[in-house]
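Just so you know, ligand 1 is whichever comes first in the structure, and atom 1 is the first atom listed for that ligand. Residues: numbered from 1 along the sequence shown. All values derive from a computational prediction rather than experimental measurement.
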Amino acid sequence: MIEEPVTDFRPLAPTRPADDPDVARTDRLDEALASLLPALEQFNRFEGPDRSALRSEWAPLLDEPLPQEGVGAEAVLELLRNVVIPRGLRVGHPGFTSWVTTAPTTTATAGHLAQAVASPQRWWLQPGNHLDSMAVAWLIELLGFPASYVGTFTSGGSTANLVGLGGARQHAAERLGIDPALEGLAALPEPRVYASPETHHVVTRAMGVLGLGRANIRLVGLDRERRADLRQLESLIREDLDAGRTPVAIVGNAGDVNTGIVDPLPQMAAIAREHDIWFHVDGAYGGWGVLDERVEAAYGDRGLYDSFAVDPHKWLAAPVGTGLAVCRDGDLLARAFTIEPGHYDRERNLEHPSTDDAPAPWSALGSGTPDWGVDFSTPARGIAVWAVLKEIGADGMRERVRRHNDFARMVAARARQEPELELLSEPQLSICCFRYRPAGWDDAERLDTLNEQIIDELRREGRSLPSSTRVDGAFAIRACYINPRNDREHVELLVEDVLAVGRRLTNG
Ligand SMILES: Cc1ncc(COP(=O)(O)O)c(C=O)c1O
């Protein structure tokens, strides 16, 4: 028996229609969804205690061996309604400032559902294909890239960075007369990628996947503002060139995940240009920062980026599973990710790409190409992005980014004012790192432990939900604002809650 039914609902007819050839229900989607909607709405109110982590409570309701005989749709819906949804991850909670991903907004969710049902393959001519390409073009414009740039939605920032670095690999090898996607990398002498230690670890993973080797990252130290040090960057490149190695890419961070710092991108772009090295920018989290005119200059001319990763499933609050790779050179990208046509429809359809009405369904591919990324079958992720941009417009997104950057500054201002708080990183975007530091507490380890305890306690209370990181070795409370549900009240509450818990733990 499943406990606590959340709502009344009209169950699906217990048996499938006699003429249904498959055991899975293919009818009554409306009623199935209607029976889940009150639970979803209730979840989004984030009321009551968070029970997502109480495995001993929910696992016994779910654990079972592989069923040989199915229980039918209604029993599945009941589990979703009464066990899975009410105990979901509350990353959309207005006090949740832990991650760079969040829960989707209303139209993003609706777009996602429309995509899952009505647009299960992105490439074929249909409105979903059209909207996906339109959403790519809108984002290219919104983020300030020249209209000649191409883009493709990916499963996230990890794959968007992989795609960008795939372009870099192609560029570096082609200069030496090698097609690495076709021939492999054996003839490429000692590839090197340059990036600061704040670079997200998916970049080194991408190097591994691309055969460049994770060990071949050249870590550029940080300057006083915690940005990639330009002198070190230049000297590492010269050293490698002198030694006959192959510089493949310079990677700049447009908002690192720890503190939200933007590397000196215009200067890095100039160094890349001088040596004809590919310039890739990871803006998975902070690429959206260009929409705040107070910090936009830090990003420099986007027309100098060779590739760029940005995540609609972060600040834009699209459903998780939505990244975007942008590239200056679509032809080169297609050489890097060429997929040979198979002997089925795609081969035939490639001969008939169509932007006009096709003579019949499935007789033409729509816009975009799987040669710009690593997916073949893929949903039209852009429907959700289109839905959000159409709903809130560029101005809505600009307003969100500014508001969130202001929130981080509000926390920083309080951390400067309050004698028991210490600001650890000045926000450039929407991340503020600080810690509780009572007077006379100078021992680094003791301070780390205290702040770890504060985070644990805040999570138990479930009202203010920051994450942690380390800034120059110190354990920091990290608040990151990208969640559209974050509000001013919770910004204030975070500071109050940290002070209250800190005082309680130190009897201060
Ligand atoms: C700066 C940065 N790059 C890349 C990634 C990886 O993105 P995803 O988790 O969408 O694969 C993240 C995610 O935290 C990030 O913050």
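At a heavy-atom cutoff of 4.0 Å, ligand 1 is contacted by the side chain of Asn161 but not by its backbone. With a 4.0 Å cut-off on non-hydrogen atoms, Ser158 touches ligand 1 through its backbone as well as its side chain.
Residue-ligand proximity, Val100 to ligand 1, at heavy-atom distances under 4.0 Å covers atoms 13 (C), 14 (O), 16 (O). Interface of Lys314 with ligand 1, defined as ligand atoms under 4.0 Å from a residue heavy atom, comprises 5 (C), 6 (C), 7 (O), 8 (P), 9 (O), 10 (O), 12 (C), 13 (C), 14 (O).
Nearest heavy atoms, Gly164 versus Trp278: O-NE1, 3.4 Å.
A perpendicular orientation is assigned to the rings of Tyr305 and Phe145, their planes being inclined by more than 60° (bins at 30° and 60°). Between Phe46 and Phe43, the ring-plane angle classifies as perpendicular under the 30° and 60° cut-offs.
Considering backbone and side-chain N/O atoms, Tyr285 never comes within less than 3.5 Å of an N/O atom of ligand 1. Any N or O atom pair closer than 3.5 Å counts here, and Thr159 shares no such pair with ligand 1.
Nearest-heavy-atom check against atom 15 (C) of ligand 1 across His200, Glu198, His201 picks out His200. In this structure, of Gly283, Ala206, Cys480, Gly157, the residue bringing a heavy atom nearest to atom 8 (P) of ligand 1 is Gly157.
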Q) Would Asp276 and His171 count as a side-chain contact (heavy atoms from CB on, under 4.5 Å) if you check the C-alpha gap in whole Å, the side-chain angles of each, and the deciding distance to 0.1 Å? A) CA-CA 9 Å; Asp276 192 15; His171 168 79; 3.3 Å; yes
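The side-chain hydrogen bond (donor to acceptor under 3.5 Å, both in side chains) pairs that include a residue from residues 90-99 number zero, where partners must be two or more places apart or lie in different chains.
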